[in-house]
Amino acid sequence: MEFLEIGGSESLRSYWKMYLPKVLLLIYVVDSADHARLPVAKQLLHQLIQNNSTLPVVVLANKQDLEGAYCITDIHDALALSDIGDERKMFLIGTHVAEDGSEISSSMKDAKELIAQLVLETQIQELAEPKKPACANDPRLVWGNQEMIWTLSRGAVTARPSPRTVALAKPKQDFGKHQCRSVIGTRPPLVDFGFPSDRLLKLSEPKKYHAAYLQQRPRQSPEWPVSPAALTYKASPRILELARPKVLHPEFLLAREVPTQVTNAATSARASSRLQRLAEPRVREVTCCYEHSFPESVIRPVSKLAQKATASPRTLELARAKRLHPDYVPLRDAEWPVTKAAKHAVATPRLVELAQPCKRPPMGSVQLNPDAFTVKETAKKATCSARILDLARPIKR
C-alpha cells in the first residue's frame, strides 16, 4: 500500500482534490485537543468528499491521551459525521502515540488492520467489475457478422492452451452483491469468500490485556473523567484500615459432615436372602400415578387386612428416625450479649436520623459525575473533636 501524506495548512489544501480521484481510501486526521480548529476541519471534510459518494473515509481522532481532549462522541458531533450519509463507509477511531515512540498503542494497531481491510475490499471490488471491450466502436462488430476480428494462423487454431491460460480464461466471480452497509464505530463484516483460514481465526480472537499495560496506562480516561484532586489524593490511615478484609469470628466453625462408624461385626456380616431380595430395585409395571379408567383410585390398593394390621416391635423400631452422632455439633451463629440498659434505651432524634437509609445516588451514576468526589475547602480545614475521634475507632467485641 502507498500512503500519501498531505498537510492541512492553507497552502497545501489546494493539492487535496488533485490526488483524491486516484485514491482508494481517505484517512482524515484531526487534533482532539485543538477545539478551535474542529469547525474548520468539519467544513473542509464535507467539501472534500461531496463529489465522491463511494470513497471510504477513516477519521482518526488523534492525541486522545492529552488532558482536555474531546472523546469519540464529541468528535463525532463536532464533525457532523451523521450528515455524510449511509452510502459511504465511515469509521471514527480514537488514537494516540507515545512521545518516545517506544510502544504502539492498541488503537493504532486496530486502525492499521481496518485500513488494510478497507483497501483490500476496494481493490477486490475494482477487479470484480467487468472489463470494457477493447473494440466496442469497431464498425465490423455488427450483430450477425461472422467475420473474425483478427485472422488466426493454422498453428494458433490447432494449439492447445496451457493450464494457466485455461485458468485465466474463466469468468471472474462477481463480488458486487457482498457490499455491506457500514456503521460508525464498528468494523465492516468480512466478504463471503468461504470459510476463513486458521490465520484469520487467530487474528479475530480478542486481544488480552497484559499486566504491564494495566500498570503503566494513564489513570485518566476520556470516558470517565477524574478530577485532579482524586488523582493526587492519598488515602488516610483510617481508610487503609477499613480497606483490609474482615477476619472470621474466633468462634466460627466450618460445616462438617457427621461421620458414620461401622462396627467390625457389620463389615464381616453376610446378608440373608430376605435382605438381598429387599435390596433389589422395585420394578413398577405401571409408570403413571393413576390408571386411565379410575383417576381417583389409589396407586396401589391396600387390603383390609393390611389396614387393620398392628405393627410389630421390630417394625416400630425400624420406623424410628435415626439419632444424631454423639460427636455431632450443630451450626451456631456468633452471639453478642445485649445489656439490660441497651434493651430499655430510647433512641435520640439524632440516632433516628442516622439510622435512616442513605439517599446518595448509586455508584453507577456517581462515576458519571466528575464532582462527586470533590471536598470542600472548609472540610479540609476542619478539626475533629475528641468525641469524633473516639467514635471513629472500631468497636472491639
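Side chains of Leu55 and Arg88 form a contact here, defined as non-hydrogen atoms less than 4.5 Å apart. In this structure, the side chains of Ile75 and Leu38 come closer than 4.5 Å at one or more pairs of heavy atoms. Phe3 places a side-chain heavy atom less than 4.5 Å from the side chain of Ile27. The side-chain heavy atoms of Pro394 and Glu241, taken from C-beta on, include a pair separated by under 4.5 Å. Under the 4.5 Å side-chain criterion, counting only non-hydrogen atoms from C-beta, Pro349 is not in contact with Val352.
The two atoms that bring Gln64 and Ser32 nearest to each other are NE2-OG, 3.0 Å, heavy atoms only.
By the side chain to side chain donor-acceptor pair (under 3.5 Å) test, Thr122 pairs with no residue at all, sequence neighbours left out.
A side chain to side chain contact (heavy atoms under 4.5 Å, CB included) with Leu26 is found for one member of Val58, Val59, Leu48 and no other, namely Leu48.
Here the straight-line distance linking atom CZ of Arg270 with atom CG of Leu275 works out to 14.5 Å at 0.5 Å rounding. Interatomic distance, CG of Asp327 versus CG of Leu324, reported as 11.5 Å (0.5 Å rounding). Expressed to the nearest 0.5 Å, how far CG of Leu25 lies from NZ of Lys89 amounts to 10.0 Å. Between the CG atom of Asp77 and the OH atom of Tyr70 there is a distance of 10.5 Å, given to the nearest 0.5 Å. Rounding to the nearest 0.5 Å places CG of Leu60 at 13.0 Å from NE2 of His96. Note that CZ of Arg393 and CZ of Arg238 are 11.0 Å apart. Values are rounded to the nearest 0.5 Å.
Using a 4.0 Å cut-off between a side-chain N of Lys or Arg and a carboxylate O of Asp or Glu, Arg277 and Glu280 do not qualify as a salt bridge.
No more than 12 heavy atoms of other residues, nucleotides or ligands sit less than 6.0 Å from atom CG of Asp198.
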Side-chain donor-acceptor pairs of residues 9-17 under 3.5 Å, sequence neighbours excluded:
unit_1 : atom_1 : unit_2 : atom_2 : d
Ser9   : OG     : Ser11  : OG     : 3.4
Arg13  : NE     : Gly8   : O      : 3.0
Arg13  : NH2    : Gly8   : O      : 3.3
Trp16  : NE1    : Gly7   : O      : 3.2

